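Each remark here refers to the structure printed beneath this line.
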Amino acid sequence: MNYLNELNGAQRDAVENTEGPVMVIAGAGSGKTRVLTYRIAHLINKGVDPFNILSLTFTNKAAQEMKERISKIIGGSEARNIWMGTFHSVFSRILRSEAEKIGYPQNFTIYDTQDAKNLIKTILKEQGLDEKIYKPGLVYSRISSAKNNLLTAAAYCKNTTIQSEDRQAAKPKIGEVYKVYESRCFKSGAMDFDDLLFKTNVLLRDHPGVLNKYQHRFKYILVDEYQDTNFSQYIIVKKLAAAFENVCVVGDDAQSIYAFRGANIQNILNFKTDYPESKTFKLEENYRSTQNIVNAANSIIKHNTEQIEKNVFTSNVEGNKIKVHRAATDNEEGKMVANLIYDTQFSAQARPKDFAILYRTNAQSRAMEEALRRKNIPYKIHGGQSFYQRKEIKDLLSYFRMIINPNDEEALKRIINYPARGIGKTSMDKIGIAANNNDTSIWNVITHLNQFNTGINAGAQTKIGGFLEMMKSFASQIKSKNAFELGNEIASTSGILRDLYSDKTPEGISRYENIQELLNGLKEFTETENEEDGDVTPRGLTEFLQDVALLTNVDNESEEDRDKVTLMTIHSAKGLEFPYVFCVGLEENLFPSQMSLTSRADLEEERRLFYVAVTRAEKEIHISYATSRYKWGSLIFCEPSRFIEEISEDFVEYTFDQNTVAQKNHNSNFDETHSAQNNYGSGKTTYKKKSTMPPKRNAPETVPQTTPKHLKKVSNTAPAPPESAASLNLEKGMMVNHQKFGNGIIENLDNGKATINFQNIGTKQLLLKFAKLTIIK
DNA sequence: GTATTATCTAAGTCT
DNA sequence: TAGATAATAC
C-alpha cells in the first residue's frame with residue numbers, strides 16, 4: 001500500500017494503530033485530515049466494512065470531501081457507506097429512525113435558534129415575565145448549556161447551584177420557562193440543535209437494545225476536532241465506543257474555540273485518564289505555513305497557560321514576516337485590504353480563491369464587501385445571515401414544515417396570517433390560550449375548533465377554515481409531486497409570490513428573487529439522485545427539509561463560487577487553509593471581544609482564536625486594525641489589539657511608522673492612535689488638548705450631532721480632528737511639519753507617497769494616507 | 001383587523 | 001444601520 005509512504009513517522013503511527021483508543025494531538029497544518037482519511041482507508045483495506053465506521057467531522061462539507069479522497073485511495077464506491085458527518089447530522093439521522101422510541105414523530109422538525117427564541121418569547125409573554133429582564137437570548141443560552149450538560153428542565157430546577165445563580169442574576173424563573181419550553185417543543189414535534197445531542201443521549205440511556213445495536217454497528221469511531229466537543233457529545237462517543245473501544249480522537253487543544261457553546265477542553269486533556277490503555281501520537285510538523293507564520297503563531301499561543309506540550313515546527317521556507325497594517329476607519333481598512341489583494345494578484349500570480357479575509361464578527365464583512373466590489377474583485381461570504389434564515393425563505397419553508405409536521409407551532413405562527421388573510425393577533429391569542437388550557441397543540445385546536453371553547457367569532461373561523469383547506473390540499477400532494485413541483489404550487493397558491501411580486505422596492509425585488517432562488521434550489525435538489533442509499537425515487541420536500549436545517553456555514557458553496565476571495569469569521573475558517581490570509585479588525589473590544597475581557601479563560605479562548613486565524617495562512621498573513629469604526633451607525637474609536645503586541649517581534653513587520661504605533665505610548669501621542677484619512681470631526685469632547693494639535697481645518701461634521709455614548713467613553717484618548725495629508729494640496733519644495741519628525745522639505749511626491757527631508761532626522765518616505773502633516777510654507 | 005409610522009435597541013462566535 | 005416592536009390612524 002503505497003499511501004503509507006506518504007506519511008511521516010507520527011502520521012503513520014496514527015494511521016496504523018487502528019485497534020484500541022488513540023488520541024492524536026495534531027498541531028495546526030500538521031496533516032490531520034490526511035491522517036483521518038488514510039486511517040479510514042487503511043481500515044477498509046484491512047477488511048473493515050465501511051458500514052462499521054463512524055466518523056464525526058466538523059462540517060458536512062469536510063465529510064463529503066473526505067469520502068471522495070477515501071474513494072480515490074481505495075477505489076470503488078464503498079466509501080459512501082461510511083457513517084460520516086457532523087454530530088448533529090449523523091445523530092439526527094439516527095434519531096429519525098428511532099424517533100418513536102422516545103415519543104417523537106419520525107418527521108420531527110428541527111428548530112433553529114430563531115425558532116427557539118421565538119418560542120421562548122411566547123412563553124415569557126404567557127408567564128408574564130418581562131423580556132427586558134428575561135432576555136430571550138440569555139434564557140436560550142441558559143437552557144442550551146443545561147442541555148449540553150445533560151440537564152433536563154426538572155434537573156435544572158432541582159440543581160441548587162444553578163438555582164442560586166439564577167436567583168443572583170434576578171432571573172429565578174428561568175427553570176420554569178425551561179420546563180414549558182421543553183414540553184412545547186415536544187408537543188410541536190420539534191427538537192432544537194441541542195436536543196439532537198440531548199435526545200440521542202436519552203435514546204442511548206433508556207434503550208439498551210438501541211445502544212447495543214449502535215455499539216456493534218460502530219466498531220470504529222473517529223472524532224475530529226475533539227477539543228470542541230461538549231459534555232453531551234462526549235458521553236455519546238463514550239457510550240458508543242464502550243463495546244470495542246476502537247475510538248480515535250483527533251484534535252488540538254490550542255485550537256479550542258467553542259467553549260461558548262459548551263465545548264469542554266477537558267475532554268481532550270482527560271482522554272488519557274478515560275482510557276488508560278490509550279496511545280497518544282503527536283503531529284508536530286507543520287506542512288502548511290512558512291517558518292515565520294509558524295513561529296509567530298507559537299509566540300502567540302505561548303501566552304496561554306494550560307495546554308498539552310507540543311512543539312510545532314516546519315521545514316518550509318522562512319517566508320515573509322507577518323505584516324501589520326493600520327487604517328483610519330473600517331472602510332479604509334476594507335479599501336486597504338482590497339488594494340493589497342488586487343496588487344498581490346499581479347505580483348504573485350495569485351487567484352482570487354487564494355485569499356481569505358477573516359474577521360471576528362460577521363458585522364465586519366460589510367466594509368470588506370464594499371471595497372472588494374469597488375475593485376471588481378470576486379468574493380463570497382460564508383455565514384452571517386444565511387440564505388435560509390431570511391424572512392421570506394423562512395416563511396416559505398414554514399409552509400413546507402407544516403405540511404410535514406403540522407404540529408410545528410413556530411412554523412404555524414409564521415404563516416397562518418402570512419400573506420395576510422385576516423387571522424390576527426386576537427384570534428391567535430385565543431387559540432393559544434385554548435391550546436395551553438387543554439394541553440395540546442395549536443394545530444389540534446384549529447383543526448377541531450368546535451370542540452374547544454375558544455370564543456373566536458364566525459368570520460375568523462371561516463378564515464381559519466380556508467387556511468386549513470389550503471394546507472390539507474398541499475399535504476395531499478406530498479406523495480404525487482416532487483419537491484420542486486410542490487414547492488412551486490405552495491409559493492403561488494399561498495400568495496407568497498403575489499405578495500412579494502407586488503412589492504417593487506429594491507428589498508421587495510430581492511425577496512422575490514430569493515424565493516425564485518429557493519425554488520431553483522429545489523429543482524436542483526429534485527434532480528439530484530439520492531446518493532446515500534442509491535435510491536432513485538424522486539426526493540420530496542421531506543428530504544429537502546431534513547438537509548436544510550443542518551447545513552453548516554461552510555456547507556453551502558456553489559460552482560461559480562470556486563474562484564473567489566473568501567470572507568468568513570475565524571470560527572468558520574477552522575480547518576481551512578489559504579495562501580494569503582487577511583485577519584482584520586485587530587482591536588481591543590472587538591478582537592479580543594469586549595465580553596471576553598472579564599475572564600482569563602475567555603481571553604485565552606480569544607487568543608486561541610487568533611492562533612487559529614494566523615495558522616490558516618500558507619504563504620502570507622496580514623493583520624490590520626482600524627483606529628475608528630462605525631458601530632450601530634455611529635463612529636467609535638479603537639485601540640489596537642493586545643494580540644498584536646503579543647506576537648514576538650522577530651516575526652512581525654509594521655507597514656506604517658512604528659513610532660506612531662498607538663499601543664507603544666498611549667499618553668505622549670494620543671492623537672497618533674488615529675491616522676488621518678478621513679476628516680471625522682470628533683465632536684466637542686475632544687478638544688481639550690488643543691494646544692498640542694495641529695490647527696483645525698474645516699473638518700466636515702460627519703459625526704452625529706448627539707454624541708453617542710461610545711464616543712464619550714473613549715473621548716479622553718480620542719484625537720484632534722485628524723488631518724489627512726492626502727487632502728492637503730502638497731507640492732514639491734514645500735516645508736511641512738510632522739508631529740514626530742519635525743520640519744522638513746518635500747523632495748518628491750508620487751502615488752500617495754512623499755519623500756521628505758527632515759531637518760533633524762534626514763530623508764523619510766511617508767504615506768500621505770497616514771502621515772499627519774501641516775504646511776509651514 | 002390591517003397598514004403605516006415612530007421608537008427602540010441590538011452586533012459574539014455556530015449547529 | 002436595521003430589524004423588531006409599539007403606537008397610531010384607518
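First the proteins, then the strands, lettered A, B, ... as listed; each starts at 1. Please read these numbers as outputs of a predicted model, since none were measured by experiment.
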Heavy atoms only: give me the nearest A/Asn107-A/Arg96 pair and the separation to one decimal. C-NH1, 3.6 Å

A/Asp429: what forms a side-chain hydrogen bond (donor to acceptor under 3.5 Å, both in side chains) with it, not counting sequence neighbours? A/Lys425

Could you grab the distance from atom CE of A/Met568 to atom CG of A/Leu576, nearest 0.5 Å is fine? 5.0 Å

Can you tell whether the side chains of A/Arg401 and A/Asp115 come within less than 4.0 Å, N to carboxylate O? yes

Residues that A/Ser398 engages under side-chain contact (heavy atoms from CB on, under 4.5 Å), provided they are two or more places apart: A/Ala411, A/Arg414, A/Ile415

Taken in chain and number order and not counting sequence neighbours, the residues that satisfy side-chain contact (heavy atoms from CB on, under 4.5 Å) with A/Ala63 are A/Thr57, A/Met84

Any pair with a residue in residues 123-134 of chain A that passes salt bridge (charged side-chain N to carboxylate O under 4.0 Å, His left out), sequence neighbours left out, goes on the list, sorted by first then second residue, please. A/Glu126-A/Arg184

First and last nucleotide of DNA chain B, 5' to 3', lying under 4.0 Å from heavy atoms of chain A: B/dG1 to B/dT15

Residues of residues 599-613 of chain A with a heavy atom under 4.0 Å from any atom of DNA chain B, listed by number, are A/Glu606

Would you call A/Lys32 and A/Glu225 a salt bridge, using N to O less than 4.0 angstrom? yes

Contact class for A/Asn417 vs. all strands (heavy atom < 4.0 Å): base, sugar-phosphate, or nothing? sugar-phosphate

So A/Ser427, base contact, sugar-phosphate only, or nothing? Heavy-atom distance under 4.0 Å. sugar-phosphate

If a pair satisfies salt bridge (charged side-chain N to carboxylate O under 4.0 Å, His left out) and one of its residues is in residues 189-198 of chain A, list it, with sequence neighbours excluded. A/Lys147-A/Asp192, A/Lys147-A/Asp195

Test side-chain contact (heavy atoms from CB on, under 4.5 Å) applied to A/Gln461 - qualifying residues, sequence neighbours left out: A/Leu449, A/Ile456

Is A/Lys117 touching bases, backbone alone, or none of the nucleic acid, heavy atoms closer than 4.0 Å? nothing

What protein N or O atoms touch nucleotides 2-5 of chain C N or O atoms at under 3.5 angstrom, if any, and at what distances?
{"unit_1": "C/dT5", "atom_1": "OP1", "unit_2": "A/Lys121", "atom_2": "NZ", "d": "3.1"}

Would you list the protein and nucleotides 8-10 of chain C atom pairs, both N or O, that sit under 3.5 Å from each other?
none

Stepwise, does the ring-ring contact (aromatic ring centres under 6.0 Å, His included) test hold for A/Tyr181 with A/Tyr111? CA-CA 12 Å; A/Tyr181 176 79; A/Tyr111 275 177; 7.7 Å; no

Partner set under side-chain contact (heavy atoms from CB on, under 4.5 Å) for A/Val202, not counting sequence neighbours: A/Ile102, A/Phe198, A/Arg205, A/Asp206

Residue pairs involving residues 117-151 of chain A (criterion ring-ring contact (aromatic ring centres under 6.0 Å, His included); sequence neighbours excluded): none

